[in-house]
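Please read the structure below before turning to the comments.
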Amino acid sequence: MKIPFFDWPEIYKEDRDKYLSCIDRTLLSGGFILQEDVSKFEQNLCNYLGVKYAVGVADGTNALLLGLRASGIGPGDEVILPGHAFIAAAQSIHHAGAACKLVDINMHDWLIDASVIETAITKKTKAIMPVHVNGRLCEMDSIRSLAQKYGLKVFEDGAQALGAKFRGNHVGHYSDWGTFSFYPSKTLGGFGDGGALVTNDKNIYERVMEMRNHGANEKKEISETTDVWGTNSRLDNLQAAILNEKFPKYESYIARRREIAQHYNTNFSGFDHLKLPPQPSLDETNYDVFQNYEICTPLRKRLREHLSSKGIGTIVQWGGLGLNKLVNLGLKKRLPATDLFFQQSALLPMNHFLSDSQVDYITQNVVEFFEANDGAF
Ligand SMILES: *Cc1c(COP(=O)(O)O)cnc(C)c1O
């Protein structure tokens with residue numbers, strides 16, 4: 001059996017006829033830029049997440065940048081974020097003109113450690129940016145209380161966490177705004193780039209709506225009194241149409257991911273040298289969507305070689321680099337937990353279209369590896 005880490009054509013092939021007619025319908029209507037499908041998609045996001053406003057933008061990275069700029073983050077400001085994050089979060093803070101303040105992660109779910117955020121707060125700190133890696137939300141209640149205590153804003157990088165909940169609430173609930181990415185391999189993947197920002201703040205919403213389209217107002221006109229430096233960061237209408245087609249199935253995608261994660265966790269438990277993500281069925285605070293299934297093991301190199309020899313693809317997320325390793329970008333920082341995590345982490349195949357026999361084959365090969373090597377290590 002051959003199981004690539006991610007089977008790219010499959011996100012199209014699984015419902016090809018439906019997508020072909022969607023593409024045909026949309027293109028025949030002449031709806032290319034900022035048409036009905038974009039506003040319909042924004043409405044879908046609002047209904048699903050229980051937030052007031054959503055703005056479709058070009059991608060998840062631009063969603064972060066526009067959010068930061070709309071919140072007035074700029075030169076002289078500091079934003080606190082974890083070392084365990086995608087470089088996009090740091091890039092948007094930099095391009096907004098502000099500085100990144102990296103903090104470490106906890107060893108329980110490998111997300112920003114709320115208990116160390118306080119040590120990074122200075123007079124210049126303006127915001128905390130939790131990054132919900134792998135489809136699990138950070139400890140948003142502690143983060144929000146800290147932010148309230150120090151008068152800081154909270155911005156969520158939810159690129160991997162559409163549908164994830166913390167104490168029953170989605171991205172956008174505990175913060176000033178949150179963002180999503182619809183990159184093809186994300187849980188809700190388009191056929192190209194796409195992103196969105198969600199917020200309950202009308203002012204942020206209006207600014208980001210203007211910014212994504214060169215500062216134009218609702219009538220798509222640029223007025224002489226405009227006071228925003230906009231840009232082009234529009235979500236393609238065709239991508240929005242595709243995402244709308246996928247939306248009704250999204251809950252079933254998540255259910256399948258959680259089912260696979262549960263199967264992995266059940267079968268992989270009990271090995272000394274294998275750390276697993278929190279088990280979906282035992283977690284009452286968090287509802288995780290498993291954008292990725294990430295494990296940690298000091299035997300990573302040999303495990304990956306073994307699985308590769310069996311035709312199973314794995315990857316090390318972000319090349320195994322924490323943001324604190326980007327020394328030439330001025331981000332060097334001692335973050336022991338982040339470093340340990342990146343030395344041992346690996347992603348197993350995880351997506352809604354894996355078949356039962358594929359999941360069984362992966363499971364069997366991982367278990368065989370640890371049965372042979374766990375004790376001998
Ligand atoms: C994918 C991703 C992004 C960036 O999204 P793009 O749509 O690719 O720009 C940002 N943050 C995290 C955590 C991501 O996984």
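Whatever order the structure lists them in is the order used to number ligands and atoms, beginning at 1. Numbering of residues begins at 1 and proceeds along the displayed sequence. Being a predicted model, the structure only gives us computed values, none of them experimental.
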Test ring-ring contact (aromatic ring centres under 6.0 Å, His included) applied to Tyr12 and Phe191, step by step: CA-CA 8 Å; Tyr12 173 59; Phe191 298 158; 5.7 Å; yes
Nearest neighbour in protein (non-hydrogen) for atom 12 (C) of ligand 1: Ala159 CB, 3.4 Å
Sidechain-backbone polar pair: Arg234 side chain, Asn213 backbone, donor-acceptor under 3.5 Å: no
Flag, side chain of Ser71 to backbone of Leu68, donor-acceptor distance under 3.5 Å: no
Residue pair Ser223, Thr225: steps toward the side-chain hydrogen bond (donor to acceptor under 3.5 Å, both in side chains) verdict: CA-CA 5 Å; Ser223 109; Thr225 57; 2.8 Å; yes
contact_flag Asp157 ligand 1 heavy-atom lt 4.0 Å: yes
Pick from Gly195, Ala89, Ser181: the one approaching atom 7 (O) of ligand 1 most closely through a non-hydrogen atom: Ser181
Any donor-acceptor N/O pair, Asp104 side chain to Gly83 backbone, under 3.5 Å: no
Step-by-step ring-ring contact (aromatic ring centres under 6.0 Å, His included) determination, Phe86 to Tyr183: CA-CA 14 Å; Phe86 183 45; Tyr183 184 80; 8.7 Å; no
Closest approach of any protein heavy atom to atom 4 (C) of ligand 1, naming residue and atom: Thr61 OG1, 3.6 Å
Heavy-atom proximity to atom 2 (C) of ligand 1, best of His132, Lys186, Gln317, Gln160: Lys186
N/O separation below 3.5 Å, Phe182 to ligand 1: no
Those atoms of ligand 1 less than 4.0 Å from some heavy atom in Asp59: 7 (O), 9 (O)
